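Accompanying notes for the structure given below.
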Amino acid sequence: MKESGGKMDSDPTTPSAADSAAQEAATNEALATLRASIDGVDDRLIALLNERAQLAQSVGQVKAKASRKAYAPSREQKLLSRLTAQNPGPLPGEGLRLIYKEIISACLALESPLTVSFLGPEATFTHEATKRHFGLSAKLRSLKSIPEVFGDVETGRSEYGVVPIENSTEGVVSHTLDTFMNSELRICAEVLLGVSHHLLTSSGTESGITKVYSHPQALAQCRGWLEKNMPGVPLIDVSSTARAAQLAAEDATAAAVASDMAASMYELHIAHSNLQDLHSNMTRFLVIGYDQAEPTGSDRTSIMFALKDAPGVLYTALSCFATAGINMSRIESRPSRRRAWDYLFFIDIEGHQEQEEIQRAIQSLEDVCQYIRVLGSYPRGQSINP
């Protein structure tokens, strides 16, 4: 400002009321134009989605006449891979996958509504993996144990089940392997879920916390953070991370190590995020059922076998795959429970059992086995962030 003849001159850089009004009007006009365009796109999307749904209903009718299941994990994997590969952006690939998971779920519900059992309770990571894989249109059943999930599928109360099999930090879930010993169910698909643990409290801070609840595996995955930041605070094992959140919601002096889904369900606040010692923490889940997935070009095969009693027999068994150039990604052993010191081996190999080299390797393996069963060939899971 400056004085001129006893009056203050206005600053030429200060917008006048008229200029502000004109700018506001221009902004509103631009937004109205863009929103009208978005409305037009949404209208076309609705028409296309319903056209897709009608086609899905026709697919369901054809499958029903041929007595085929509506859920086809190999077809779904190929579809998602194709769409992700041709996605030009700016929509991120993971966002596109999540959108199409729900579209597929809704269309499957039109063909034949799916009932899926999972190792509960709700708000656990198995629950989250089940929802991410089957979408919100599937009917989900929460069960208390892994054998119950197997039994639910075996008796036909559910078409599929979801159970954990291994964690990248804490290793294999032995109960799942043991249950396969007495079940004829197959592995139809796998889900890879990134696992993030949070410290949940009713206040949103760790002040006044005298105990921390969680599942033993979750506590083990966050051991380093808890020892450093909450030394001396008792860590209490409970049956699930969801149960831990429930207890924390009932006690203002308690905290839970659990997921953001559990925080939402039990109205808790996140006092600290991402407690896990390894930030690449990943849990693998199996979808179990009676179906055999078709090859996709990116598959995994799981095999269970018991070896004959002979010198070097394990080396010979593994050589069946090494000689054929087949990559083995995992091997575990479990007591067979038939006689002392008798073991069953579980292996994962890359590829589908319909491939000639895998068929030959399995035939060679049969020569040194007293028992062998292919648990399933299925599409390799795509990593899902929590």
Side-chain angles (χ1 to χ4, degrees), residues 117-133 136 140-146 148-149 162-176 191-285 384-386:
S117 298
F118 67 94
L119 176 62
E122 294 184 351
T124 58
F125 289 105
T126 310
H127 182 207
E128 184 170 352
T130 306
K131 290 206 306 181
R132 292 290 190 98
H133 188 76
L136 299 177
L140 304 186
R141 287 171 50 84
S142 170
L143 299 176
K144 294 180 180 179
S145 70
I146 290 171
E148 282 186 76
V149 176
V162 179
V163 292
I165 184 61
E166 63 178 329
N167 176 264
S168 58
T169 303
E170 292 301 304
V172 71
V173 179
S174 57
H175 292 315
T176 297
V191 186
L192 304 179
L193 181 69
V195 173
S196 293
H197 296 295
H198 311 303
L199 188 72
L200 309 183
T201 65
S202 58
S203 66
T205 72
E206 74 273 25
S207 177
I209 296 303
T210 61
K211 50 189 166 294
V212 177
Y213 294 109
S214 198
H215 187 275
Q217 279 209 344
L219 293 174
Q221 292 164 22
C222 304
R223 186 181 294 112
W225 189 95
L226 291 168
E227 289 177 353
K228 179 181 178 181
N229 294 277
M230 307 196 74
V233 177
L235 307 179
I236 303 174
D237 293 351
V238 293
S239 58
S240 68
T241 54
R243 174 59 177 161
Q246 182 182 13
L247 290 169
E250 297 169 354
D251 183 354
T253 69
V257 174
S259 67
D260 51 4
M261 180 189 290
S264 176
M265 176 168 287
Y266 293 100
E267 298 182 346
L268 294 169
H269 302 283
I270 297 177
H272 290 280
S273 300
N274 299 317
L275 312 185
Q276 61 274 10
D277 298 329
L278 295 178
H279 288 279
S280 58
N281 192 23
M282 189 81 60
T283 296
R284 179 181 171 219
F285 301 87
I384 302 173
N385 293 322

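If you're wondering where the values come from, they're calculated on a predicted model, not measured in any experiment.
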Closest non-hydrogen contact found for Leu140 with Phe118 is CB-CE2, 3.9 Å
Let me confirm one number: the OG-CG distance from Ser214 to Leu247, rounded to the nearest 0.5 Å. 10.5 Å
What is the distance from atom CG of Leu143 to atom CG of Leu119, rounded to the nearest 0.5 Å? 8.5 Å
Taking His133 for its side chain and Ala129 for its backbone only, find out whether a donor-acceptor pair lies under 3.5 Å. no
Given 3.5 Å as the limit, does a donor-acceptor pair link the side chain of Thr176 with the main chain of Pro164, or not? yes
To the closest 0.5 Å, what do you measure between OG1 (Thr130) and CZ (Phe285)? 7.5 Å
Considering all heavy atoms of both residues, which atom of Val257 and which atom of Cys222 are nearest to each other, and what is their separation? CG1-SG, 3.9 Å
For the NE2 atom on His175, are there more than 12 heavy atoms of other groups (residues, nucleotides or ligands in this structure) within a distance under 6.0 Å? no
Tightest non-hydrogen contact, residues Ala248 and Ala254, listed as CB-O, 3.9 Å
Rounded to the nearest 0.5 Å, what separation is found between the CD atom of Gln276 and the OG atom of Ser168? 9.5 Å
For residues 223-238, tabulate all N or O donor-acceptor pairs below 3.5 Å that involve a side-chain atom, not counting sequence neighbours.
unit_1, atom_1, unit_2, atom_2, d
Asn229, ND2, Trp225, O, 2.9

Where is the tightest heavy-atom contact between Ser142 and Gly120, given as atom of each residue plus distance? OG-CA, 3.4 Å
Sorted by chain and number, sequence neighbours left out, side chain to side chain contact (heavy atoms under 4.5 Å, CB included) with Gln217 holds for Asn167, Glu170, His215, Gln221
Quick one: does Val162's side chain get under 4.5 Å of Thr126's, heavy atoms only? yes
Quick one: closest heavy-atom pair of Leu199 and Ala255, and the distance? CD1-CB, 3.7 Å
Rounding to 0.5 Å, atoms CG (Asp251) and OG1 (Thr201) come to a distance of 11.5 Å
Interatomic spacing from CE in Met261 to OH in Tyr266 - rounded to 0.5 Å: 11.5 Å
Could you tell me how the ring of His197 sits relative to the ring of Phe125: parallel (under 30°), tilted (30 to 60°) or perpendicular (over 60°)? perpendicular
Without swapping roles, check the side chain of Thr124 against the backbone of Pro121 for a donor-acceptor pair under 3.5 Å. yes
What are the two closest non-hydrogen atoms of Ala245 and Leu200, and how far apart are they? CB-CD1, 4.5 Å
Intermediate values then yes/no, side chain to side chain contact (heavy atoms under 4.5 Å, CB included), Val173 and Ile146: CA-CA 10 Å; Val173 179; Ile146 290 171; 4.0 Å; yes
May I ask you to check whether over 12 heavy atoms, not counting those of Glu267, lie within 6.0 Å of atom CD? no
